[in-house]
Structures are given as C-alpha cells and as structure tokens.
Amino acid sequence: IEKLEKAVFGSGAEKNEVSPKKTASMDVDFSLNERAFVKRYAVDKSGPKKFVLLLAYFSKGEENKNIELSELKKHWNKMTAKTLLGKFNMFYPNDAKTRGWIDSKEYGNYNLTNEWKNVL
C-alpha cells in the first residue's frame with residue numbers, strides 16, 4: 001500500500017519545493033511586446049503596481065535608468081482598456097514612490113529602485 005501511495009501521491013518531498021510559478025515571477029520577460037508584457041504582469045494589480053511594471057518594461061528592469069513621465073503616460077493611454085491599465089492617475093507614481101518601488105531624481109523622470117520586484 002505504501003508503494004501505491006507513493007506512486008499515486010508522490011513521496012511527499014514535492015510539498016517542500018518552491019512552486020514554479022513563484023520562481024517564474026522573478027524572471028521577467030522584457031522581450032515581450034508592450035501590450036503582452038502588461039497583460040502578463042500587470043493585470044489584477046493596483047494602479048501603482050501597474051505604473052512600476054510599465055516603468056520596468058521601458059527601463060528593461062535596470063535600476064537608476066530614468067524614464068520620462070510623459071513617455072510613460074503616452075504608452076499608458078494607449079492601453080486604457082479596462083483589462084489592461086485603465087485610466088492614468090498621478091496618484092500611481094506618487095504612491096509607488098512612497099512605497100519605495102521607484103524614485104525620481106529629476107523632475108518629470110522616474111527610475112526603479114532595488115525594491116521594484118516586490119510588486120510581482
């Protein structure tokens with residue numbers, strides 16, 4: 001019976017392993033096109049998290065790479081469908097900055113911090 005249980009239910013060691021989904025979430029695919037990237041990573045996230053992920057897409061995940069807010073807003077507004085990003089709100093970058101996911105060293109420019117992957 002024990003052999004049959006192991007064959008059907010496994011040895012039990014699998015329970016302690018890290019699930020592939022959690023590991024995969026840390027490996028962000030920046031080679032996707034803009035809409036596919038947003039659909040894969042930003043759907044079901046809050047506005048500030050969506051902002052961070054859009055910034056991550058344009059900076060290719062590089063911290064301290066400045067991206068202009070006007071550029072981010074332009075691309076955000078192209079994806080205003082409810083299923084993608086929705087309407088842009090200046091609260092999003094402000095809240096993301098307050099949470100430490102992004103920073104703004106120059107007026108009108110944003111960059112990722114080392115905390116940005118926490119939004120995944």
Side-chain angles (χ1 to χ4, degrees):
I1 294 176
E2 188 175 316
K3 286 182 182 180
L4 181 59
E5 285 178 351
K6 283 184 181 180
V8 173
F9 300 110
S11 65
E14 294 85 9
K15 293 177 185 175
N16 295 332
E17 294 177 6
V18 176
S19 70
K21 188 174 183 180
K22 289 181 182 177
T23 304
S25 70
M26 296 308 284
D27 300 325
V28 181
D29 185 2
F30 294 109
S31 67
L32 294 170
N33 70 59
E34 181 179 329
R35 291 179 75 83
F37 182 89
V38 167
K39 187 171 182 177
R40 179 175 292 175
Y41 298 107
V43 172
D44 298 331
K45 300 261 192 283
S46 66
K49 289 181 178 182
K50 289 177 181 180
F51 183 82
V52 172
L53 290 169
L54 190 63
L55 175 61
Y57 177 78
F58 286 104
S59 64
K60 302 296 184 214
E62 293 179 35
E63 298 167 19
N64 300 317
K65 184 174 181 181
N66 288 325
I67 306 295
E68 290 183 21
L69 177 62
S70 60
E71 187 70 18
L72 293 166
K73 284 171 78 172
K74 181 176 88 174
H75 288 278
W76 184 292
N77 290 330
K78 287 182 181 179
M79 294 183 278
T80 57
K82 262 190 170 181
T83 57
L84 292 177
L85 294 178
K87 187 177 177 186
F88 181 79
N89 187 325
M90 276 305 294
F91 166 78
Y92 302 155
N94 291 337
D95 189 52
K97 186 176 177 183
T98 301
R99 293 172 186 257
W101 299 327
I102 65 171
D103 197 9
S104 178
K105 293 182 175 123
E106 278 180 46
Y107 180 78
N109 288 294
Y110 289 94
N111 60 279
L112 297 172
T113 66
N114 61 350
E115 297 289 317
W116 80 268
K117 284 194 174 184
N118 292 335
V119 305
L120 298 170

Return the [atom1] to [atom2] distance between [X] and [Y], rounded to the nearest 0.5 Å.
X   : Y   : atom1 : atom2 : answer
K78 : L84 : NZ    : CG    : 13.5 Å
F51 : M90 : CZ    : CE    : 7.0 Å
L85 : M79 : CG    : CE    : 5.0 Å
K60 : L55 : NZ    : CG    : 12.0 Å
E71 : N66 : CD    : CG    : 13.5 Å
N89 : K87 : CG    : NZ    : 8.0 Å

Donor-acceptor under 3.5 Å ([X] side chain, [Y] main chain):
X    : Y    : value
Y41  : D29  : yes
T113 : G100 : yes
Y57  : L32  : yes

Side-chain heavy atoms of [X] within contact of [Y], under 4.5 Å:
X    : Y   : answer
S31  : F37 : no
F58  : K65 : no
W116 : V28 : yes
L112 : V52 : yes

Taking all atoms of both residues into account, what is the closest heavy-atom pair of [X] and [Y], and its distance?
X    : Y    : answer
K97  : S104 : NZ-CB, 3.8 Å
I102 : P93  : CD1-O, 3.5 Å
L120 : K45  : O-NZ, 4.0 Å
P48  : W101 : CB-CZ3, 4.2 Å

Exactly one of I67, L69, D103 should register a side-chain contact (heavy atoms from CB on, under 4.5 Å) with Y110. Which one does? L69
